[in-house]
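So the structure is just underneath, and the comments pick up after that.
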Amino acid sequence: QVLLVESGGGLVQAGGSLRLSCAASGGTFSSYSMGWFRQASGKEREFVATINWSGDTTDYADSVKGRFTISRDNAKSTVYLQMNSLNSEDTAVYYCNARRFADIYWGQGTQVTVSS
């Protein structure tokens, strides 16, 4: 069982930046691919970014390419999401997940609110 705890969310003005963190425990962190998803009020959860176990392969949703950067520190069992040039459409609860074969784990989420 992997426990994921997100942090770093909050209220930010449009054009600002935030850095989300997701700390993992209870498993071999370096064996998991990690991802960030988000869910805006009244909408379905959507993919934001993913990173493979070693950190050398990443992928992003078109809506965040060039603005968000996913990274990981396997020594700290933590995955990050650096978010720049935020706009109101980025307002959502952000969740991290860990994936290895059929095993998928989710964190509890952290709220990001962008004021215009």
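Every heavy atom of this structure was used, including side-chain atoms; hydrogens, water molecules and symmetry mates were not. Computed from a predicted model, the values in this text were never measured in an experiment.
Between the OG atom in Ser88 and the CD atom in Gln13 there is a gap of 13.0 Å [rounded to 0.5 Å]. Between atom CZ of residue Arg72 and atom OG of residue Ser33 there is a gap of 7.0 Å, rounded to the nearest 0.5 Å. Here Ser115 contributes atom OG and Leu86 contributes atom CG; the two are 10.0 Å apart, rounded to the nearest 0.5 Å. In this structure, CG in Asn97 is found 7.0 Å from CE in Met34, a value given to the nearest 0.5 Å. Note that CD of Gln82 and CD1 of Ile70 are 12.5 Å apart. Values are rounded to the nearest 0.5 Å. Note that the CD1 atom of Ile51 and the SG atom of Cys96 stand 12.5 Å from one another [nearest 0.5 Å].
At a threshold of 4.5 Å between non-hydrogen side-chain atoms, the residues Tyr95 and Leu4 do not count as touching. Put simply, the side chain of Gln111 reaches to within 4.5 Å of the side chain of Thr91, judged on heavy atoms. Side-chain contact between Leu20 and Val112 is present, with at least one heavy-atom pair separated by less than 4.5 Å. Side-chain contact check for Val48 versus Met83: every heavy-atom pair is 4.5 Å or farther apart. Tyr60 places a side-chain heavy atom less than 4.5 Å from the side chain of Thr69.
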Quiz prompt | Full working for side-chain contact (heavy atoms from CB on, under 4.5 Å) between Arg38 and Leu81 | solution = CA-CA 12 Å; Arg38 66 187 182 185; Leu81 185 68; over 6 Å; no
Practice problem: Verify side-chain contact (heavy atoms from CB on, under 4.5 Å) between Lys76 and Phe29, making sure each step is shown before the conclusion. | Solution: CA-CA 9 Å; Lys76 294 182 178 180; Phe29 180 76; over 6 Å; no
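Criterion: ILVMFWY side-chain heavy atoms under 4.5 Å apart, direct or through other members. Under it, Val79 and Phe37 are not part of a common hydrophobic cluster. Tyr80 and Trp36 fall into different hydrophobic clusters, where Ile, Leu, Val, Met, Phe, Trp and Tyr are joined by side-chain heavy atoms under 4.5 Å apart, directly or via other members.
Side-chain atoms of Asn74 do not come within 3.5 Å of backbone N or O of Ser30 as any donor-acceptor pair. For Glu6 (side chain) and Gln108 (main-chain N/O), a donor-acceptor pair under 3.5 Å exists by modelled atom type.
With a 6.0 Å radius and a threshold of 12 heavy atoms from other residues, nucleotides or ligands, Glu89 has its CD atom at or below the threshold. The environment of Trp53 atom CH2 is sparse: at most 12 non-hydrogen atoms of other residues, nucleotides or ligands sit within 6.0 angstrom.
Thr28 and Arg100 form no side-chain donor-acceptor contact under 3.5 Å, judged by distance and modelled atom types alone. Using modelled atom types, one finds a donor on one side chain and an acceptor on the other under 3.5 Å when comparing Ser17 with Asn84.
The minimum heavy-atom distance linking Ala92 with Ala40 is given by the pair CB-N, 3.7 Å.
Using a 30° and 60° split on the angle between ring planes, Tyr94 and Phe68 fall in the tilted class, from 30° to 60°.
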